[in-house]
Protein chains: 2
Amino acid sequence: MADSPPPERADAARNREIILAAALRLVETRGVDCVTMDTVASEAGVGKGTLFRRFESREGLMAAVLNTSETQWQASVIGGPPPLGPGAPPMERLLAFGHSRLRANLVSASLIEAAGRAGQRSVAAMSFANMHVRYLLRELGVEGDLPLLATAILAPLELVVLEQQVERERIPVERLEAAWDDLVRRVVGH
Amino acid sequence: MADSPPPERADAARNREIILAAALRLVETRGVDCVTMDTVASEAGVGKGTLFRRFESREGLMAAVLNTSETQWQASVIGGPPPLGPGAPPMERLLAFGHSRLRANLVSASLIEAAGRAGQRSVAAMSFANMHVRYLLRELGVEGDLPLLATAILAPLELVVLEQQVERERIPVERLEAAWDDLVRRVVGH
DNA sequence: GGATCAAACGGACCGTGGTCCGGTTGTATT
DNA sequence: AATACAACCGGACCACGGTCCGTTTGATCC
């Protein structure tokens, strides 16, 4: 491993928090796509350059905002009450997981969209889900290319796919859930 | 049905062709994300406003460019040689379809990305694929919510998913194909 | 062939994401 | 505590997507 990166300076860390808080506040009140970088900068009382140094891009900032709720969700998967959390049989957990992920994606749709590539790829947000599904599949005795099988199961829950179905084709969420359950049962093999 | 929309004026139609040709030329030579709207406008010898009136947005223009190759692909699915085209048994056709779609998505990745929402949703590009898969599934005697099952099968071929796997995780295309075949067999039930 | 009117045209203009660089502030060293 | 250096700060600046509106052009009807 290379030497660890130099620690963040105190003022820098403080500004990160300030900016993040300001961004979150603005997103909640005005809605994601009314939040410009200039707005965030002035709301946080810093220069625009600071925003971009800390968060790389608008997408990066949005990803950081998204990350807070995402972390919360992950916590409830790892340690929350069953059937989402541990304690329930694997199949029940898997189904609960899918439903929860589906709802979560729809709820923070606009934020995910604004986060773009930075949202899904980095921070291993998708990687966590994949790992969890892989674990449950193994638990269920499924054989094969587990990483890719997990990806295949997760793919229909991706926002791009969901939006097409919910917004364009007006399919109710319950039907999406039912169809996903069906998919999972077929893949697992009952 | 409402009265049909007024026909396009001659100069408008001519300009659409000119613009589309210019855009295609520029995309091929310089690469998608070096193509600005101003560039296309001056290359086509028209004003910027004309571009936006014809194609709504940059995404719309890119979608139109993409549409040409997409149409070609659809033709080879409907009427090309087997196993992609008609003549082969349904399962073979389905697998060939998946592989072909996967490759096609990767080939025009940047264009699809540039087309954004306009690319996948409109023009029923995705709708065509869904319809075709639905047809093949029915042919294979699969029962259940066919439209959603088709979507679920198609989802892992979506560009967002593929890019994560190919670029981020360095998974070779052959393995993706094999995994997709596996998925399909599980869903169909051999 | 004019007259008429809707539709298409084009380029000046604006907002926003993103960069850059001179000045400032925090941190390590003696 | 003073010095030195790196990291941080901020706002002027740029490029690009998108809009607007006065002008031109092509279809239609007499």
Side-chain angles (χ1 to χ4, degrees), chain A residues 3-23 26-27 30-66 110-111 113-119 122, chain B residues 3-23 26-27 30-66 110-111 113-119 122:
Chain A
D3 52 343
S4 60
E8 195 173 46
R9 241 167 66 174
D11 54 346
R14 214 186 53 231
N15 271 344
R16 146 170 300 131
E17 295 308 320
I18 292 176
I19 291 169
L20 221 48
L26 287 174
V27 165
R30 301 192 193 179
V32 176
D33 31 55
C34 287
V35 176
T36 86
M37 292 304 260
D38 293 89
T39 312
V40 175
S42 82
E43 171 84 11
V46 301
K48 213 203 235 191
T50 305
L51 261 70
F52 282 92
R53 196 170 332 93
R54 283 280 98 69
F55 297 97
E56 189 81 7
S57 67
R58 186 191 141 94
E59 295 194 348
L61 175 57
M62 293 310 182
V65 172
L66 180 62
S110 55
L111 206 48
E113 209 155 318
R117 23 187 64 61
S122 79
Chain B
D3 52 344
S4 60
E8 196 174 44
R9 240 167 64 174
D11 53 346
R14 213 187 53 231
N15 271 344
R16 145 170 301 132
E17 296 308 320
I18 292 176
I19 292 169
L20 220 48
L26 287 174
V27 165
R30 302 193 192 179
V32 176
D33 31 56
C34 286
V35 177
T36 85
M37 292 305 260
D38 293 271
T39 312
V40 175
S42 82
E43 170 84 11
V46 302
K48 215 207 241 191
T50 304
L51 261 70
F52 282 91
R53 194 167 336 92
R54 283 279 96 70
F55 298 98
E56 189 80 8
S57 67
R58 186 191 139 95
E59 294 193 348
L61 175 57
M62 293 310 181
V65 173
L66 180 62
S110 55
L111 206 47
E113 211 156 318
R117 21 188 63 59
S122 79

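Just so it is clear: chains get the letters A, B, ... in the order the sequence lines come, proteins before strands, and each one is counted from 1. What you see is a predicted model, and the numbers here were worked out from it, not measured in a lab.
Counting to the nearest Å, the P atom of C:dC9 and the CG atom of B:Asp11 are 5 Å from each other. What separates CG of B:Asp33 from P of D:dG17 is a distance of 11 Å, to the nearest Å. The CG-C1' distance, from B:Leu61 to D:dG17, rounds to 12 Å in whole Å. The CE atom of A:Met62 sits 12 Å away from the C1' atom of C:dT16 (whole-angstrom rounding). Per the geometry, CD1 belonging to B:Ile19 stands 9 Å off P belonging to C:dG10, to the nearest Å.
Nearest-nucleotide positions on DNA chain C place B:Ala12 closer to the 5' end than the other of B:Ala12 and A:Arg14. Toward the 5′ end of DNA chain D lies the nearest nucleotide of B:Asp38, the other residue of the pair B:Ala10 and B:Asp38 mapping further downstream.
The stretch residues 50-57 of chain B touches DNA chain C through B:Thr50, B:Arg53, B:Arg54, each having a heavy atom within less than 4.0 Å of the strand.
Across all their heavy atoms, A:Phe55 and A:Ala64 have their closest contact at CE2-CB, 3.7 Å. Across all their heavy atoms, A:Ala22 and A:Glu43 have their closest contact at CB-CG, 3.6 Å.
Distance CZ/B:Arg54 to CG/B:Leu20: 11.5 Å, rounded to 0.5 Å.
The phosphate of D:dA7 has neither OP1 nor OP2 within less than 4.0 Å of any side-chain N or O from A:Arg9. The shortest distance between the side-chain N/O atoms of B:Asn15 and the OP1/OP2 oxygens of C:dA8 is not below 4.0 Å.
Across all strands, A:Ala41 comes closer than 4.0 Å to no nucleic acid atom at all (heavy-atom distances).
A 4.5 Å side-chain heavy-atom check between A:Val32 and A:Val35 finds every atom pair outside the cut-off. Using a 4.5 Å heavy-atom cutoff, the side chains of A:Lys48 and A:Val40 are not in contact. Contact of the B:Asp11 side chain with the B:Arg14 side chain is registered, since non-hydrogen atoms from C-beta on lie closer than 4.5 Å.
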- [ ] Go through the steps to decide whether B:Met37 and B:Leu61 satisfy the test side-chain contact (heavy atoms from CB on, under 4.5 Å), and finish with yes or no.
- [x] CA-CA 9 Å; B:Met37 292 305 260; B:Leu61 175 57; 4.0 Å; yes

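Ranking D:dC8, C:dT16, D:dG17 by closeness to the B:Lys48 side chain, first place goes to D:dG17.
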